[in-house]
Engineer: 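Dropping a structure here in structure tokens format, bear with me for questions.
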2 protein chains.
Amino acid sequence: MVVRLELSDGEVDRLFRALADATRRDIVRRTLVGEASVSELADAYDMSFAAVQKHVAVLEEARLVTKEPRGRERIVRADPEQIGRARALLVQLEELWHARFSQLDAVLDVDPDT
Amino acid sequence: MVVRLELSDGEVDRLFRALADATRRDIVRRTLVGEASVSELADAYDMSFAAVQKHVAVLEEARLVTKEPRGRERIVRADPEQIGRARALLVQLEELWHARFSQLDAVLDVDPDT
DNA sequence: AAGACGTACAACCATCTGGTTGTATATTAG
DNA sequence: CTAATATACAACCAGATGGTTGTACGTCTT
């Protein structure tokens, strides 16, 4: 399977949007540690099954989670690679900050870690 | 100045929410490379000044950006530390994944700071 | 076969979001 | 002083979001 590394603006929007909710971050944590069915997840939160179902759908569209049928259940698993991609985007931003000093550093021969 | 490292759920929500918009990510990039006034930023986008003003406000509430008065202008600067905090949150998630395979599980489960 | 379980999906609702325009106020330039 | 500039902020709007309930359907269990 070929995995596209580049994410479009819309995909990045969906990725960070999906992470901007405490329930969804918790679902990611749980399914990162071990797979779970949607109803198992739903049992963990004080909201309707349908609400949890929607949260899982948002995570799935953001590719933070995959859903696989198993009998009448849908097994949810987090995708650590997509989390890594989100992290990489932030690292890119931070590199932009470091680059701010690089030209001056070259001239003055200053330690870039300070 | 004391900086609180721990972010509440609501603060994390706002942080990722702020990053979930291409215009806002671009504002962060620009102000990370070099400070800019709100109107300088507004000139860069095909939307009203007020719209950009709102984006900057969202970034400010997420603490991704600070606004300092200078004469009649408001100078916007990105805060690399807050970006680092967002990155740290993702790293924490990824560590949860790695822990899945190691015996550190027991240790992490007992850690009172989580 | 019948009922329980797990999921899907539609309809509905209140609130939030991202944009707009318009008006007011502070600061700088001439 | 006056005019231009930079910002603030309110009101408004369409569409998205996060929740609900209700209904339908496939899959187990007995």
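Here is the naming used below: chain letters follow the sequence lines, and residue numbers restart at 1 for every chain. The structure displayed is predicted, hence computed values, not measured ones.
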Engineer: Could you go through the side-chain contact (heavy atoms from CB on, under 4.5 Å) check for A:Val91 and A:Glu95 one step at a time?
Structural biologist: CA-CA 6 Å; A:Val91 170; A:Glu95 282 169 358; 3.6 Å; yes

Engineer: Roughly, in whole Å, what's the span from CE in B:Met47 to C1' in C:dG18?
Structural biologist: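 B:Met47 atom CE is separated from C:dG18 atom C1' by 9 Å.
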
Engineer: Nearest-Å distance, CD (B:Glu60) to C1' (D:dT7)?
Structural biologist: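 Nearest whole value for this atom pair: 13 Å.
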
Engineer: Roughly how far, to the nearest 0.5 Å, is the NZ atom of A:Lys67 from the CD atom of A:Gln53?
Structural biologist: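 So the gap between those two atoms works out to 6.5 Å.
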
Engineer: Is there a side-chain polar atom (N or O) of B:Ser48 under 4.0 Å from OP1 or OP2 of C:dT20?
Structural biologist: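 Yes, because at least one side-chain N or O of B:Ser48 sits under 4.0 Å from OP1 or OP2 of C:dT20.
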
Engineer: Less than 4.5 Å apart, any side-chain heavy atom of A:Arg74 and any of A:Val56?
Structural biologist: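 Of all side-chain heavy-atom pairs linking A:Val56 with A:Arg74, none is under 4.5 Å.
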
Engineer: Rounded to the nearest 0.5 Å, what separation is found between the CD atom of A:Gln92 and the CZ atom of B:Arg87?
Structural biologist: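 Interatomic distance, A:Gln92 CD to B:Arg87 CZ, rounded to 0.5 Å: 13.0 Å.
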
Engineer: Measure the spacing between CG of B:Leu41 and CZ of B:Arg30 and express it to the nearest 0.5 Å.
Structural biologist: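 Here the rounded value is 7.0 Å.
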
Engineer: Less than 4.5 Å apart, any side-chain heavy atom of A:Thr31 and any of A:Leu59?
Structural biologist: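 Counting from C-beta outward, A:Thr31 and A:Leu59 never come under 4.5 Å.
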
Engineer: Rounded to whole Å, how long is the line connecting atom CZ of B:Phe49 with atom C1' of D:dT7?
Structural biologist: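 So the two atoms are 5 Å apart, to the nearest Å.
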
Engineer: Rounded to whole Å, how long is the line connecting atom OH of B:Tyr45 with atom P of C:dT20?
Structural biologist: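 Computing the B:Tyr45:OH to C:dT20:P distance gives 14 Å.
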
Engineer: Quick one: does B:Arg63's side chain get under 4.5 Å of B:Leu15's, heavy atoms only?
Structural biologist: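 When only atoms from C-beta onward are counted, B:Leu15 and B:Arg63 do not touch, as no gap falls below 4.5 Å.
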
Engineer: CZ of B:Arg14 versus C1' of C:dT17: gap in Å, rounded?
Structural biologist: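 These atoms are roughly 16 Å apart.
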
Engineer: For nucleotides 23-25 of chain D, which of its nitrogen or oxygen atoms have a protein nitrogen or oxygen under 3.5 Å away, and what is each distance?
Structural biologist:
none

Engineer: Can you check whether A:Arg25 reaches B:Asp9 side chain to side chain, under 4.5 Å on heavy atoms?
Structural biologist: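 A side-chain contact exists here, since the closest heavy-atom pair is under 4.5 Å.
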
Engineer: So, do A:Leu89 and A:Phe16 sit near enough that their side-chain heavy atoms are less than 4.5 Å apart?
Structural biologist: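 Result yes, sub-4.5 Å side-chain heavy-atom pair found.
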
Engineer: How many angstroms lie between CG in A:Leu64 and CZ in A:Arg14, if you round to the nearest 0.5 Å?
Structural biologist: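 Answer for the CG-CZ pair, A:Leu64 versus A:Arg14, is 11.5 Å.
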
Engineer: What distance do B:Trp97 atom CH2 and A:Ile83 atom CD1 have between them, rounded to the nearest 0.5 Å?
Structural biologist: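 If I round to the nearest 0.5 Å, the distance is 9.0 Å.
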
Engineer: Please enumerate all residues that pass side-chain contact (heavy atoms from CB on, under 4.5 Å) together with A:Thr66, with sequence neighbours excluded.
Structural biologist: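 For A:Thr66, the residues satisfying side-chain contact (heavy atoms from CB on, under 4.5 Å) (neighbours in sequence not counted) are A:Arg77.
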
Engineer: Can you find a heavy atom in the side chain of A:Leu19 that is under 4.5 Å from one in the side chain of B:Leu90?
Structural biologist: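 Yes, at least one pair of side-chain atoms sits under 4.5 Å.
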
Engineer: To the nearest 0.5 Å, what is the distance between CG on A:Asp26 and NE2 on A:His55?
Structural biologist: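 It comes to 11.0 Å.
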
Engineer: Tell me whether the OP1 or OP2 atom of C:dA8 has a side-chain N or O from A:Gln53 closer than 4.0 Å.
Structural biologist: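 Answer yes for this pair, as a side-chain N or O of A:Gln53 is under 4.0 Å from OP1 or OP2.
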
Engineer: So do the side chains of A:Val12 and A:Arg85 get within less than 4.5 Å of each other, counting heavy atoms only?
Structural biologist: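 Sidechains of A:Arg85 and A:Val12: no contact.
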
Engineer: For residues A:Glu68 and A:Glu35, determine if any side-chain heavy atom of one lies less than 4.5 Å from a side-chain heavy atom of the other.
Structural biologist: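 Result no, sub-4.5 Å side-chain heavy-atom pair not found.
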
Engineer: Of all of residues 31-43 of chain A, which get a heavy atom below 4.0 angstrom from DNA chain D, listed by number?
Structural biologist: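 Going residue by residue through residues 31-43 of chain A, none turns out to have a heavy atom under 4.0 Å of DNA chain D.
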
Engineer: Tell me: CD of B:Glu68 to C1' of C:dT27, nearest whole Å?
Structural biologist: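 The distance from CD of B:Glu68 to C1' of C:dT27 comes to 16 Å, rounded to the nearest Å.
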
Engineer: Tell me which residues in residues 71-79 of chain A put a heavy atom below 4.0 Å from DNA chain D, sorted by number, or none.
Structural biologist: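 Under 4.0 Å from DNA chain D: A:Gly71, A:Arg72.
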
Engineer: Over its full length, what angle do the end axes of the helix from C:dA1-D:dT30 to C:dG30-D:dC1 make, each axis taken from five pairs and the result rounded to 10 degrees?
Structural biologist: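 Angle reported: 30°, given to the nearest ten degrees.
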
Engineer: Counting primed atoms plus P, OP1 and OP2 as sugar-phosphate and everything else as base, spell out the protein contacts along nucleotides 13-18 of chain D at 4.0 Å heavy-atom distance: B, S or - for each nucleotide, 5' to 3'.
Structural biologist: ----SS

